2 protein chains.
Amino acid sequence: MLKSADRPRIHQLKKKIDDFRKKCRSAGLKVTEQRLAVYKALIETAEHPSADAVFKKVKQIFPGISLDTINRALRTLNKINAAFVVEGSGDAKRFDGNLQPHQHFKCVKCKRIVDFYHRPFDNVKVPVSIAGKFEVRRKTVYLEGTCNSCRHKH
Amino acid sequence: MLKSADRPRIHQLKKKIDDFRKKCRSAGLKVTEQRLAVYKALIETAEHPSADAVFKKVKQIFPGISLDTINRALRTLNKINAAFVVEGSGDAKRFDGNLQPHQHFKCVKCKRIVDFYHRPFDNVKVPVSIAGKFEVRRKTVYLEGTCNSCRHKH
DNA sequence: CTCTGTGCAAACACTTTGCAGCTAA
DNA sequence: TTAGCTGCAAAGTGTTTGCACAGAG
């Protein structure tokens with residue numbers, strides 16, 4: 001049964017899927033059923049799933065799919081900006097001994113993490129909606145992109 | 001040779017190392033040479049090194065040390081709040097299909113990542129010191145801590 | 001002296017790659 | 001038809017664990 005409240009949401013999903021097809025085409029990529037299934041799995045949840053979680057979900061509809069396909073599809077989505085990897089997860093763990101308030105910029109190409117200091121960011125207030133439900137121990141503004149030396153290569 | 005400009009920095013390092021000894025003791029941990037070497041390696045650099053990078057550095061002073069010791073020491077530093085893991089790196093990659101501006105809170109215990117929306121954070125201005133050197137493609141406020149349901153366990 | 005930390009090796013978890021056959025456009 | 005995609009298997013990378021001995025407190 002379809003609640004009338006669901007209709008705008010469903011319309012939104014349709015639009016996203018349409019946009020996705022366009023993004024694929026303009027990148028010269030094929031819209032395979034698998035790829036689409038991975039994309040749907042991703043936009044239907046707010047859980048920031050791992051590749052394995054997506055795998056489990058997609059397998060319900062597509063029992064033959066392999067984890068590699070999921071991984072490849074997710075990498076592709078990331079490349080065409082249809083999804084992104086949450087705050088630099090993956091790769092090797094990186095450590096920081098600087099306990100003073102400071103922020104990070106990360107170059108997605110050379111993986112370099114640069115500290116920067118910007119007084120206003122030190123004082124970001126945790127919104128009440130969070131402060132009530134969680135005990136916040138660390139807060140930081142995280143920027144991601146490409147550093148000049150990587151951008152000027154090639 | 002010691003430049004006079006280095007002296008305050010060196011004093012700072014000494015103080016940090018002292019604090020570190022205290023933190024260890026109050027956590028019932030031993031201050032081994034290896035542990036100390038790992039800690040020093042970490043606070044002497046602004047490079048946010050991986051375990052392997054720390055390994056290479058410490059090995060110059062301590063040729064016999066093993067990578068496991070580095071990994072264990074880093075985990076320990078993290079636990080006693082002498083260092084932290086940069087923006088949730090490590091674990092499995094996590095993906096997000098929500099391209100609207102939004103922020104993340106991550107529970108360090110259950111690894112859940114919660115979206116939150118807070119208008120002022122959508123408009124954080126990239127400081128000029130960064131904007132000149134880097135092409136910023138994503139910016140987000142990242143909060144980390146413990147969620148209530150994890151905190152109330154035990 | 002005791003209890004934690006270390007080094008080694010093996011196990012583990014996750015991601016990437018090479019290749020042959022398949023499929024969307 | 002043909003470039004690009006999938007599934008499988010294997011290899012690669014990074015992290016964790018079990019155990020016996022060594023060393024800090």
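Since the structure is predicted, the reported quantities are computational estimates derived from the model, not experimental observations. Every chain is numbered from 1 and lettered A, B, ... according to where its sequence line falls, protein lines coming before strand lines.
The distance between atom CZ of B/F62 and atom P of D/dG23, rounded to the nearest whole Å, is 10 Å. Rounded to whole angstrom, the span from the NZ atom of B/K93 across to the P atom of C/dA13 amounts to 18 Å. In this structure, B/I70 atom CD1 and C/dG5 atom P are separated by 15 Å, rounded to whole Å. One atom, CZ of B/F95, and another, P of C/dC14, lie 12 Å apart when rounded to the nearest Å. What separates NZ of A/K56 from C1' of C/dA13 is a distance of 12 Å, to the nearest Å. To the nearest angstrom, P of D/dG23 lies 16 Å from CZ of B/R35. Here C/dC14 presents its P atom at 11 Å from NZ of B/K111, a figure rounded to the nearest Å. The distance from atom CZ of B/R94 to atom P of C/dC14 is 11 Å, rounded to the nearest whole Å.
With D/dT15, C/dT17, D/dA3 as the candidates, the nucleotide lying closest to the side chain of A/D68 is C/dT17. For A/N71, counting side-chain heavy atoms from C-beta on, the closest listed nucleotide (C/dT6, C/dT15, D/dT17) is C/dT15. Proximity note for B/E33 (side chain, C-beta onward) versus C/dA25, D/dT15, D/dA24: the nearest is D/dA24. Here the nucleotide nearest the side chain of B/I65, chosen from C/dG7, D/dG23, D/dC8, is C/dG7. Listed nucleotides D/dG7, D/dG25, D/dG4 differ in distance to A/K30; the shortest reach to its side chain belongs to D/dG4. You'll find that the side chain of B/L29 is closest to C/dT4, out of C/dT6, C/dT4, D/dT15.
With ring centers used as reference points, B/Y142 lies 6.0 Å or more from A/Y142.
For C/dG7, one of the phosphate oxygens OP1 or OP2 lies less than 4.0 angstrom from a side-chain nitrogen or oxygen of B/Q34. For B/T69 and C/dG7, the shortest distance from a side-chain N or O to OP1 or OP2 is below 4.0 Å. Close to C/dT23, at under 4.0 Å from its OP1 or OP2, lies no side-chain N or O of A/T32.
For A/K93 and A/F95, the positive end is not near the middle of the six-membered ring at less than 6.0 Å and at most 45° from its axis.
The structure places CD of B/E33 at 11.0 Å from CD1 of B/I61, a figure rounded to the nearest 0.5 Å.
The residue A/A73 sits apart from the nucleic acid: no heavy atom pair falls under 4.0 Å. Residue contacts for A/R25: at a heavy-atom cut-off of 4.0 Å it reaches no nucleic acid atom on any strand shown.
Between B/Q103 and B/Y117, every side-chain heavy-atom pair lies at or beyond the 4.5 Å cut-off.
A side-chain hydrogen bond (donor to acceptor under 3.5 Å, both in side chains) with B/H48 is found for exactly one of A/K106, A/K111, A/H104, namely A/H104.
Applying the 3.5 Å distance criterion, the base of D/dG7 shares a donor-acceptor pair with the side chain of A/R72.
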